[in-house]
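Read the numbers this way: they start at 1 and go in the same order the structure lists the ligands and their atoms. Nothing here was measured: the structure is a model prediction, and the numbers come from that model.
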Amino acid sequence: MKLAETVTFGGSGLDRAAHLRGDAAALAELLAKPDTGVLPFWHGKPLIAGQGRDRPAWQAVDHPVFEQADEEPIFLGLDDGVARFCRDISCWEPDEALETLHQFLDPSEQHYPGMPEDERFSELRAIMTHLSPRDAELVTMAKAIGSWHEIHGFCARCGAKSEISMAGWQRECTVCRAHHFPRTDPVVIMLITHGNSVLMGRSPGWPEGMYSCLAGFVEPGETIEAAVRRETFEESGVRVGAVEYLSSQPWPFPASMMMGCRGHALSTEITIDPTEIEDAIWVTREEMMETFAGNNPKMKPARKGAIAHFLLLNWLRDTLD
Ligand SMILES: [Zn+2]
């Protein structure tokens, strides 16, 4: 697919400078440079600046906010030569109410005392389409690797405490010395078509009228193609023949790699698995155009920024090739 990398979080060619991760002297030098920026994260939410023209709110290495951090900064790379790091400050307890913190879409924003008024911790889902491709890449990688550290404080081999190493790109066990590497979970998401129609489904608990492409985790020992066929059949009862890869999207909620594919349906009868999805339907191209135009009272368009929206839009525009 020619437009594959234009998807949200599709990347901006950031120089991750991985050769510096094990070079303590070079990292210390970068951390001492006045233009180096560190992005604070709080419970997976990046510090964002600029209402309406959102961007990461980079802070100086020695900003007092980092007194709340209990691990080292993670090195993200060089943004046109300027070093970028991120650092978790989840120990901080803000004054605001936190009821919505771990909901699907957390609308709350937290303001750190003493920071400019427009700087706040904000849910990435809410602002992801406002960021430039470079900022989106930096924030996505920071969120994904930060989430990994958050739940990997102990060694998967022996259970002892592990500690951050390689500027955040590994954890090392303090007892058995095993090295652990950041994980990415592969997910297939598929545009299943039959003639002029596309297969859409909805999960229980989604906002009313919201439908999206079917998706599911790739299982151990499975190819992408086999996962597309198995997940589609399990969820909808529809048999799929040829499968083509279209585009991929890192999706840091918390650690997925969405692999967008097109699958050609061999059957059309739908039998849903109610434990996985609530409904599945065939939607014609004309109905989908009305949905994208906001004129379909029965269905809402897929969320902008998500790869499902991207795949459906390119299907409507006939630009999947
Ligand atoms: Zn261990």
- Is any NZ, NE, NH1 or NH2 atom of the basic residue among D321 and K2 found under 4.0 Å from an Asp or Glu carboxylate oxygen of the other? no
- Who pairs with N196 by side-chain contact (heavy atoms from CB on, under 4.5 Å), at least two apart in sequence or on another chain? T284, R285, E286
Would you be so kind as to tabulate the donor-acceptor pairs closer than 3.5 Å made by side chains of residues 13-26, with sequence neighbours excluded?
| unit_1 | atom_1 | unit_2 | atom_2 | d |
| --- | --- | --- | --- | --- |
| D15 | OD1 | A17 | N | 2.9 |
| D23 | OD1 | A25 | N | 3.4 |
| D23 | OD1 | A26 | N | 3.1 |

- Message: Using a strict cut-off of 2.8 Å, how many protein N/O/S atoms surround the Zn ion (ligand 1)?
- Response: 4
- Have E225 and Y245 got a donor and an acceptor in their side chains that come within less than 3.5 Å? no
- Message: Distance alone, cut at 3.5 Å: any donor-acceptor contact between the side chains of Q110 and S108?
- Response: yes
- With sequence neighbours excluded, give me every side-chain hydrogen bond (donor to acceptor under 3.5 Å, both in side chains) pair touching residues 180-190. none
